[in-house]
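What follows is a short report on a single structure.
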Amino acid sequence: MRTRLFLLTLLCPLLVMAAQREVTSPDGRLAVKVSVEDGITTYAVTYDSIEMIQPSRLGLKTNIGDFTQGLAVVEARESMVEKHYDMSRTKTSHSDFKAKQLDITLANAERHQMTVTFLVADNDIAFQYTLLRQENDNPKSAVVHGEATAFRLPAGTTTFLSPQSDPMIGWERTKPSYEEVYSADAAMTDKSQYGHGYVFPALFHVGDKGWVLISETGVTSAYVGAHLSDYDAAMGYTVAYPMEGENNGIGTTSAGIPIPGSTPWRTITIGRDLKPIVETTIAFDPLTPLYAPSQDYQPGRYTWSWLIWQDESINYEDQVKFIDLAAAMGFEYCLVDNWWDTNIGRDRMAELSRYAQGKGVRLMLWYNSNGYENDAPQTPRQRMSTSIARDEEMAWLRRIGVAGIKVDFFGGDKQQTLQLYEDILSDANRYGLQCIFHGCTLPRGWERLYPNYVASEAVLASENVFFDEGAAIREPFDLTLHPFCRNAVASMDWGGTIMNRFMSKDNKSRHSRKTTDMFEIASAITVQTSVQCMAIQPNNLQELPQVELDLMKSLPTTWDETRLIDGYPGKYVVLARRHGNQWYIAGLNGEKTIKRLTLQLPMLAGKTISYYTDNVKGYGELKTLKVDKKGQAKVVIQPNGGLILR
């Protein structure tokens with residue numbers, strides 16, 4: 001269907017008229033209503049006729065004109081979009097995306113035009129702005145200073161949010177790094193910790209109406225990364241651009257784009273329950289890969305000495321131990337962390353890489369992204385920050401057979417920093433290198449855009465379990481929250497399934513781990529990333545039950561399908577993931593009381609399956625479990641415990 005709404009205001013820009021248009025999802029349950037009244041453009045969202053997002057502002061502020069007020073509709077068009085694509089690095093290997101598309105072209109008081117595009121799928125919405133060339137074919141570029149884009153949630157909504165930090169604070173001035181504590185079921189009126197709002201993704205519980213997950217995707221070198229403001233009773237949450245102090249104050253907080261040119265996609269996932277939130281693929285559906293992979297990048301598992309043995313382990317002899325550990329477990333990779341260039345040296349790193357390859361293991365090497373972004377001292381420094389240095393470094397990495405890099409300590413969300421991410425990824429692809437990022441921003445559709453991208457930290461991750469007993473206490477909460485929030489929109493390098501009982505090399509001193517063994521092993525399934533860190537230690541080979549070692553050896557890291565079985569953010573989660581014909585059901589209990597659950601497992605109806613659970617000492621044990629003909633199975637998850645069914 002094609003509808004044109006020509007308004008007389010094109011002849012008289014100061015006169016605006018009301019216009020309204022609604023588009024519904026293919027199944028008819030999700031509806032977006034776009035309205036222009038008194039020159040202000042808003043949208044509202046209902047699901048099953050229940051209001052989920054109240055009328056909220058749309059618009060951009062640019063150097064070529066104000067597109068937040070004085071607007072009139074030039075044209076509205078509706079069409080169907082259908083995409084089918086495969087990808088190997090996220091929660092599903094194949095996606096069938098069907099949506100209705102609404103394009104509304106608006107003119108401002110100066111007759112400059114902008115199109116707002118909405119994609120409305122059965123539980124997902126994505127929308128973006130496109131600035132258009134004018135009648136005289138100019139201007140051909142623009143600077144976008146900010147947005148009016150807002151999200152107004154109904155009264156009584158509670159939030160699951162992580163604050164945006166001050167810039168250039170924390171250890172060696174490395175923030176913001178998306179490594180702040182999440183709240184749970186907090187009031188919208190609660191102020192953010194630093195007064196800068198909240199990072200994406202943002203999860204909202206709209207009482208008995210359902211759930212809303214808000215994020216953005218398609219952020220590349222062509223734009224800035226955004227976040228949400230603090231809540232305002234009149235406006236709701238608004239889209240905020242980077243802070244001036246990010247990236248050591250270098251670079252603009254605005255975005256520069258060519259014309260015609262588009263912003264990233266703002267995404268909204270809505271469900272009456274949490275199932276659509278966990279299973280959404282909207283972070284990838286609107287996107288197209290930016291380049292072809294230079295090779296077939298392999299998923300797998302890696303060992304990592306630094307998490308427990310720390311900087312002292314970055315020497316040749318200790319790295320041999322972790323290579324041998326990876327080989328003994330059948331893992332594909334070993335990550336060598338910071339200071340390798342000074343502690344081991346480049347000649348011996350080449351020797352170490354040859355040793356690893358002889359064991360069927362390939363190395364990944366750590367790098368500092370700096371540059372000038374912060375004061376992080378670890379080396380190698382200034383090897384990823386310029387194209388000349390990267391070309392030389394990556395050529396050497398390819399020569400010695402390194403499989404990938406982990407790059408740390410980025411400077412924020414300015415367009416200049418996003419350009420650095422993309423340059424590293426693009427250059428690495430030419431040399432056959434996979435990329436993991438730490439101390440970094442949220443990846444926004446990067447698994448789809450960049451085929452050699454693996455995962456990002458962008459979360460208060462496992463290294464904090466080592467450093468801080470408070471983080472160890474909070475780990476069960478964190479890992480039962482992230483499947484519904486952070487990991488729902490992008491791959492997450494949590495940094496390790498920790499099998500030591502104590503956070504020390506001798507496994508006897510410092511503070512203890514607060515989770516059971518099966519919690520940790522099951523988290524290797526609930527945490528989605530195609531190259532998974534299994535942070536076991538050499539001593540674990542003698543200390544752990546054989547059933548646990550055999551289980552860890554057999555776990556895949558790529559998935560053909562993901563289903564939420566049960567859970568509540570920060571309390572517990574049960575996920576089913578399929579690898580080929582094999583289903584893996586992983587459960588985590590984030591609370592200190594036993595969970596007795598009746599799981600609905602129709603894919604396993606009538607089967608007798610393996611049931612890995614915790615014994616009274618917190619070690620894993622293997623039982624069998626009969627799933628009844630209706631697909632029901634009764635299970636128990638111990639406090640801070642876990643289970644795996646397969």
Side-chain angles (χ1 to χ4, degrees), residues 165-180 243 245-251 304-319 322 334-349 352 363-390 392-394 396-397 402 404-414 416-417 420-421 423-424 428 433 435-441 456-468 471 493 495-496 503 505 510 533 535:
S165 76
D166 288 326
M168 304 302 291
I169 65 167
W171 185 80
E172 298 287 4
R173 302 195 304 156
T174 53
K175 291 188 178 184
S177 55
Y178 286 64
E179 295 180 26
E180 307 300 322
M243 300 168 286
E246 293 179 30
N247 205 42
N248 212 358
I250 304 299
W304 183 33
S305 70
W306 184 87
L307 183 62
I308 302 296
W309 291 18
Q310 292 288 293
D311 289 348
E312 292 77 13
S313 70
I314 310 304
N315 60 72
Y316 191 94
E317 292 74 19
D318 281 348
Q319 293 310 305
F322 278 82
C334 177
L335 172 63
V336 185
D337 217 274
N338 55 194
W339 304 114
W340 58 262
D341 58 328
T342 57
N343 292 2
I344 299 174
R346 290 179 177 270
D347 289 343
R348 294 213 78 191
M349 282 304 305
L352 187 67
L363 297 184
M364 299 189 296
L365 300 189
W366 184 96
Y367 283 88
N368 193 328
S369 74
N370 285 308
Y372 50 76
E373 292 89 346
N374 51 57
D375 298 326
Q378 289 94 329
T379 62
R381 295 181 93 250
Q382 300 179 24
R383 302 303 295 164
M384 291 292 139
S385 53
T386 68
S387 59
I388 294 171
R390 279 194 304 273
E392 180 181 62
E393 192 73 14
M394 291 177 178
W396 174 75
L397 291 170
V402 169
I405 56 176
K406 171 185 170 183
V407 189
D408 211 337
F409 304 128
F410 288 85
D413 287 327
K414 290 180 177 178
Q416 188 162 336
T417 310
L420 177 59
Y421 284 109
D423 289 347
I424 291 171
L433 298 168
C435 295
I436 297 171
F437 296 129
H438 271 227
C440 57
T441 192
S456 295
E457 186 182 31
V459 72
L460 197 62
S462 66
E463 65 189 56
N464 295 281
V465 175
F466 173 86
F467 289 127
D468 176 19
D493 192 57
M503 298 299 102
K505 183 176 180 178
R510 300 186 76 245
C533 179

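If you're wondering where the values come from, they're calculated on a predicted model, not measured in any experiment. Both backbone and side-chain heavy atoms feed into the values below; hydrogens, waters and symmetry mates do not.
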Close side-chain approach of [X] to [Y], heavy-atom, < 4.5 Å:
| X | Y | answer |
| --- | --- | --- |
| L365 | M349 | yes |
| Q378 | D408 | no |
| I314 | S305 | yes |
| R383 | M394 | no |
| K175 | D166 | no |
| W366 | H438 | no |
| I424 | I405 | yes |
| T441 | Y178 | yes |

Closer than 3.5 angstrom, by distance alone: can the side chain of [X] be matched with the main-chain N or O of [Y] as a donor-acceptor pair?
| X | Y | answer |
| --- | --- | --- |
| Y421 | F437 | no |
| N464 | F467 | no |
| T386 | A389 | yes |
| R510 | F466 | yes |
| Q319 | S313 | yes |

Within the 3.5 Å criterion, strictly below it, is a donor on N368 or N338 matched to an acceptor on the partner's side chain?
no
Just by distance, no angles: are the side chains of T174 and N374 close enough, under 3.5 Å, to form a donor-acceptor pair?
no
Would E246 and T417 satisfy side chain to side chain contact (heavy atoms under 4.5 Å, CB included), going step by step from the backbone distance to the final call?
CA-CA 9 Å; E246 293 179 30; T417 310; over 6 Å; no
Atom [atom1] of [X] and atom [atom2] of [Y]: how far apart are they, to the nearest 0.5 Å?
| X | Y | atom1 | atom2 | answer |
| --- | --- | --- | --- | --- |
| C440 | F409 | SG | CZ | 11.0 Å |
| S385 | D423 | OG | CG | 11.0 Å |
| M243 | D413 | CE | CG | 8.0 Å |
| W171 | D375 | CH2 | CG | 9.0 Å |
| M364 | W304 | CE | CH2 | 10.5 Å |
| E393 | M384 | CD | CE | 5.5 Å |

Looking at residues at least two apart in the chain, or sitting in another chain, which of them share a ring pair (Phe, Tyr, Trp, His ring centres under 6.0 Å) with F322?
W309
Going by the rule ring pair (Phe, Tyr, Trp, His ring centres under 6.0 Å), which residues pair with Y367 if we only count those two or more places apart in sequence or in a different chain?
W340
Worked check of side chain to side chain contact (heavy atoms under 4.5 Å, CB included) between K505 and D318
CA-CA 12 Å; K505 183 176 180 178; D318 281 348; 4.2 Å; yes
I need the minimum non-hydrogen distance between [X] and [Y], along with the two atoms involved.
| X | Y | value |
| --- | --- | --- |
| E312 | N315 | O-ND2, 2.8 Å |
| E317 | R348 | OE2-NH1, 4.1 Å |
| L460 | E180 | CB-O, 4.2 Å |
| E179 | G439 | OE2-CA, 3.6 Å |
| G245 | P167 | C-CB, 3.6 Å |
| L307 | G495 | CD2-O, 3.6 Å |

Could you walk me through whether R390 and L420 satisfy the side chain to side chain contact (heavy atoms under 4.5 Å, CB included) test, starting with their C-alpha distance in whole Å, then the side-chain angles of each, then the deciding distance to 0.1 Å, before giving a yes or no?
CA-CA 11 Å; R390 279 194 304 273; L420 177 59; 3.8 Å; yes
Derivation of the side chain to side chain contact (heavy atoms under 4.5 Å, CB included) call for D337 and K406:
CA-CA 8 Å; D337 217 274; K406 171 185 170 183; 3.3 Å; yes
